[in-house]
Amino acid sequence: MKRNEGKIREALGPFSVPACDPEKMRRTVRLAKAAYRERQVSVRIGFWEFLSMQLRFIGKWVWLAQAALLLPVLAAAGRPPAGNSLLLFFASAAPLVAFLGFPEILKSYSHGMAEIEACTRFSMRKLMGARMLILGLADLCCLTVILAASAAHSGLPFLQMILYLFVPFNCTCCGCLTVLDHVKSRQGGYFCSVVCILCIVFFSRLSLIREYYEAAATGVWAVLFFCSLAYFAAELVRTFRSFDGLSAACKGTLSVPW
Amino acid sequence: MDDERLVREIKSGDTEALDELIQKYYRDIYAYCFRRMSCRADAEDVTQDVFLHFCRNFDSYTQRGKCRNYLYVIARNLCVNALQKKPSLPLSSVEPERLARDDGRVRRADTAGSVRAALRRLPEEQREVVLLRFYQDLKLKDIAQITDSGLSVTKYRLYQGLKALGKLLSKEDWR
């Protein structure tokens with residue numbers, strides 16, 4: 001075939017190509033550059049990379065406040081609790097742990113930055129979802145430490161301790177999320193603090209009544225736990241969805257997928 | 001500047017390197033598209049799409065083979081897509097006056113129209129290989145890469161394509 005290549009080329013030669021339009025070429029270069037720049041903006045980032053990025057925007061005072069809450073637990077670890085001090089601590093610490101994250105979630109609204117955040121690189125829903133996830137995980141870690149530190153010497157069954165700690169936590173979260181779902185403004189933070197105080201007062205008063213913390217009442221606590229958990233999950237989804245209401249005003253924004 | 005360096009510079013965000021890469025391959029890709037599409041406007045559109053596709057998916061591009069081959073792969077796929085969308089014209093309506101045939105053989109083999117018509121009559125895979133080998137001047141190894149087939153398959157397609165083309169253009173000595 002090689003010796004015939006010249007002949008073949010000669011025979012195929014007449015099928016020539018008209019010269020390309022230089023203007024079209026310039027246009028292609030221009031559009032390709034624009035497409036390249038656009039790709040740079042919309043480049044995908046990983047889920048964990050996005051979370052670590054958002055972690056830096058969580059105020060340091062949240063971590064400090066959680067550490068301050070853990071300090072008495074860790075200091076008292078190894079000593080048997082006096083009277084019903086453990087239940088009282090659970091009743092007041094769990095709502096506080098739950099409450100700490102909410103001002104952080106609401107800060108975009110309380111500082112009047114919600115519109116700007118909704119029009120930035122990531123959608124409002126993604127930003128809020130990431131913040132809620134980070135703060136939720138931090139809360140869970142905090143509660144686990146409290147539970148682990150007080151489990152050894154409390155003399156209470158572990159399952160009951162989980163219920164006594166998580167029911168006030170879930171109830172506070174439900175109340176704060178309901179507020180967050182309906183009031184997205186500076187006032188939201190105040191309402192959340194009211195919910196938190198009410199929960200602390202209620203569960204602290206409850207912890208003083210011994211009958212409610214006896215083995216016979218465990219069933220009621222379990223029902224309360226599952227009911228509050230179900231409401232918590234539903235409210236979490238509703239609140240998460242409600243963040244799109246604001247972003248809907250900025251439909252044209254470029255939201256980066258992750 | 002060689003392709004490897006150009007791609008490295010584009011990756012680092014240098015759009016001038018992108019400009020250089022497009023200028024370097026625009027004519028080749030356009031020529032290939034024109035021979036596939038047989039229409040200047042369509043060829044220019046597809047050529048533009050090739051480079052836009054290249055830029056939009058630049059992150060997924062890994063420098064393993066030649067950049068030119070990658071562009072030909074995109075061009076090939078986009079041409080196939082464009083041809084599928086385009087309503088096909090009967091062969092007689094394209095070059096009626098030039099296709100005077102005698103027993104399936106094209107008489108006036110020295111004209112562009114008859115070469116074009118003969119190429120058009122080849123099976124898709126064979127036409128592809130002939131175009132890339134004799135018009136784009138690519139090596140068989142590169143053609144195999146572009147068409148995503150083995151080297152021996154590519155050689156066979158070229159041989160069969162030339163044999164059929166020789167018959168159509170009355171060039172018996174090609175085989």
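Below, chain A is the first sequence line, B the second, and so on; all start at residue 1.
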Heavy atoms only, distances under 4.5 angstrom: which of [options] has the most pairs with chain A? Name it, please.
options                    : answer
B:Arg27, B:Gln23, B:Glu44  : B:Glu44
B:Val130, B:Asn57, B:Leu52 : B:Leu52
B:Tyr135, B:Phe58, B:Phe51 : B:Tyr135
B:Arg35, B:Arg56, B:His53  : B:Arg35

Around atom OH of A:Tyr190, are there more than 12 heavy atoms from other residues, nucleotides or ligands closer than 6.0 Å?
no
Considering residues, nucleotides and ligands other than B:Asp148, do more than 12 of their heavy atoms fall under 6.0 Å from its CG?
no
Is the terminal nitrogen or CZ of A:Arg131 (NZ for Lys, CZ for Arg) located under 6.0 angstrom from the six-membered ring centre of A:Phe57 and within 45° of that ring's axis?
no
Check whether [X] gets within reach of chain A through its side chain, its backbone, both or neither, counting any heavy atom under 4.5 Å.
X       : result
B:Asp45 : side chain
B:Leu21 : neither
B:Arg40 : side chain

In terms of side-chain geometry, is the basic nitrogen of B:Lys66 or B:Asp3 positioned less than 4.0 Å from the acidic oxygen of its partner?
no
Under 4.5 Å from any heavy atom of chain B - which part of A:Ala19:
backbone
Top contributor to chain B interface from A:Val29, A:Val17, A:Leu31 [non-hydrogen pairs under 4.5 Å]
A:Val17
Give the C-alpha distance, both sets of side-chain angles, the deciding distance and a yes or no for side-chain hydrogen bond (donor to acceptor under 3.5 Å, both in side chains) between B:Thr47 and B:Tyr32.
CA-CA 9 Å; B:Thr47 308; B:Tyr32 171 73; over 6 Å; no
Test salt bridge (charged side-chain N to carboxylate O under 4.0 Å, His left out) on B:Glu128 and B:Arg36 and set out the steps.
CA-CA 8 Å; B:Glu128 181 86 58; B:Arg36 291 293 309 267; 2.8 Å; yes
Applying the side-chain contact (heavy atoms from CB on, under 4.5 Å) test to A:Val97, which of A:Cys196, A:Pro168, A:Cys142, A:Cys141 qualifies?
A:Cys142
